[in-house]
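Okay, structure first, notes after.
By convention in this document, chain letters (A, B, ...) are assigned in the order of the sequence lines, proteins followed by strands, and residues within each chain are numbered from 1.
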Amino acid sequence: MRDDAKDISHFYLGVKDLFEFPRDPKEAIELQKKICSFVITEDYCDIEKVRLIGGIDVAYKGRGAKEGCAVALIWDRLTGETVEAVYVEESINFPYIPGLLSFRELPIAIKAFDKLSLKADLWMIDGAGIAHPRRLGIAAHFGVVLGLPAIGVAKSRLIGSHLSVPRTKGSWVPLRQNGEVIGHVLRTRSDVRPLYVSPGHKVSLLQSANLVLACCSRYRLPEPTRLAHQLVTAKVHSN
DNA sequence: GCGACAG
DNA sequence: ATCTTGTCGC
């Protein structure tokens, strides 16, 4: 199937299924198995022209972790400025289960996304892209549902193995499961724990690593994700 | 059966 | 993710 055909995944899978979030973990896994076939892991856009990059981060209030808060923002990598940022709250019921994070955080993430008036060229999401048991981490799920380019930026490993990463900024080694390369372990700052970067949707393995690196200045996390996290944390602490 | 396990 | 203080270092 051509990329162009896959691009209208909404038509084949049905909008109803794509925006559905089962309460039952087993149903969630079955849904992942269906949606993962629509993920595109190839060069899809000219990364040189990717200027507006979106970032989303979710935080929780209290120990019950029932109240979720999220910030979605759009960052302009040419000016280095945040062009727009929105904040939303929503009760979260689905528990955290390794491999099913999107069923817990994607609903509120989409709620925040919908509140934005501007459009980003590409999105960076906290968590895995295709570096996931069923190749559908939250970044891939997000990308397919919204039909937009997305990259998974995780601070720790979900699956896969890799060799040690050279200690200098910009170094990376492939993250693989069996023989398949599912992402890159990227050092975004010298002598600082590396990031686990993997394509979410409509971007390749190399584009993902290069874009994330291009968005890192003096911090471990790329600006879109770092700023979103900074805003939710501040918002949660003040309210 | 025993660990591992994004946020 | 969240509960939590100070502290070492560029």
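- Note: the hydrophobic cluster containing A:I125 also contains A:L101 (ILVMFWY, side chain heavy atoms under 4.5 Å, direct or indirect links).
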> What dot-bracket string describes DNA chain C from 5' to 3', counting Watson-Crick and G-U wobble pairs whose defining distances are under 3.5 Å, with [ ] for crossing pairs and | for pairs to another strand?
Replying inline: ..........
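- One interatomic measurement links the two molecules: CD1 of A:I92 to P of B:dA6, which rounds to 17 Å at whole-angstrom precision.
- Within the nucleic acid shown, A:A128 comes within 4.0 Å of at least one base atom, counting heavy atoms only.
- By the salt bridge (charged side-chain N to carboxylate O under 4.0 Å, His left out) test, A:E105 pairs with no residue at all, sequence neighbours left out.
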>> The test is salt bridge (Lys or Arg N to Asp or Glu O under 4.0 Å); show your working for A:D121 and A:R51 and say whether it passes.
In response: CA-CA 7 Å; A:D121 299 314; A:R51 173 172 176 172; over 6 Å; no
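- If you check residues 159-171 of chain A against DNA chain B, you find no residue with a heavy atom closer than 4.0 Å.
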Under 3.5 Å, N/O pairs linking protein and nucleotides 5-10 of chain C:
none

>> Once pairs are restricted to Watson-Crick or G-U wobble with both distances under 3.5 Å, how does DNA chain B read as a dot-bracket string, [ ] for crossings and | for other-strand pairs?
In response: .......
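- A side-chain donor-acceptor contact under 3.5 Å links A:S117 and A:E84.
- OP1 or OP2 of C:dT2 has not a single side-chain nitrogen or oxygen of A:K61 nearer than 4.0 Å.
- Applying the side-chain contact (heavy atoms from CB on, under 4.5 Å) test between A:V203 and each of A:D43, A:I40, A:V50, A:I151 identifies A:I151 as the sole match.
- A 4.5 Å side-chain heavy-atom check between A:P149 and A:W123 finds every atom pair outside the cut-off.
- Between the CZ atom of A:F94 and the P atom of C:dA1 there is a distance of 19 Å, given to the nearest Å.
- Linking Ile, Leu, Val, Met, Phe, Trp and Tyr whenever their side-chain heavy atoms come within less than 4.5 Å leaves A:W75 and A:I47 in two separate clusters.
- Within the 4.0 angstrom heavy-atom criterion, no nucleotide atom of any strand lies near A:A131.
- In this structure, A:R135 CZ and A:I130 CD1 are separated by 6.5 Å, a value rounded to the nearest 0.5 Å.
- At a non-hydrogen distance threshold of 4.0 Å, nothing from residues 205-232 of chain A comes into contact with DNA chain B.
- Between the C1' atom of B:dA6 and the CG atom of A:L101 lies a distance of 6 Å, rounded to the nearest Å.
- Counting non-hydrogen atoms under 4.0 angstrom, A:G99 reaches a base of the nucleic acid.
- In this structure, the ring of A:Y196 has its center no less than 6.0 angstrom from the ring center of A:H184.
- Looking at heavy-atom distances under 4.0 Å, A:L100 makes contact with a base.
- Close to B:dG7, at under 4.0 Å from its OP1 or OP2, lies a side-chain N or O of A:S156.
- For the pair A:P222 and A:L195, the minimum side-chain heavy-atom distance is below 4.5 Å.
- Distances shown here put a side-chain N or O of A:Y96 below 4.0 Å from the OP1 or OP2 atom of B:dA6.
- Distance, A:L175 CG to B:dC5 P: 12 Å, rounded to whole Å.
- Between A:L52 and A:L118, the closest side-chain pair of non-hydrogen atoms is not below 4.5 Å.
- Linking ILVMFWY side-chain heavy atoms closer than 4.5 Å, directly or via other members, places A:L213 and A:L205 in two distinct hydrophobic clusters.
- Between A:L231 and A:T233 there is no side-chain heavy-atom pair separated by less than 4.5 Å.
- Two residues are said to be in side-chain contact when any heavy atoms from C-beta on lie closer than 4.5 Å; A:R134 and A:E30 fail this criterion.
- A side-chain donor-acceptor contact under 3.5 Å links A:S208 to the backbone of A:S204.
- A straight line from NE2 of A:H132 to P of B:dA4 spans 19 Å, rounded to a whole angstrom.
- B:dG7 atom C1' lies 16 Å from atom NE2 of A:H141, rounded to whole Å.
- Aromatic rings of A:H201 and A:F38 (six-membered ring for Trp) have centroids beyond the 6.0 Å cut-off, not under it.
- Rounded to whole angstrom, the span from the CD atom of A:Q32 across to the P atom of B:dA6 amounts to 14 Å.
- Phosphate contact (OP1/OP2 of B:dG7, side-chain N/O of A:R104, threshold under 4.0 Å): absent.
- Here the side chain of A:K202 pairs a donor or acceptor atom with the backbone of A:G147 at under 3.5 angstrom.
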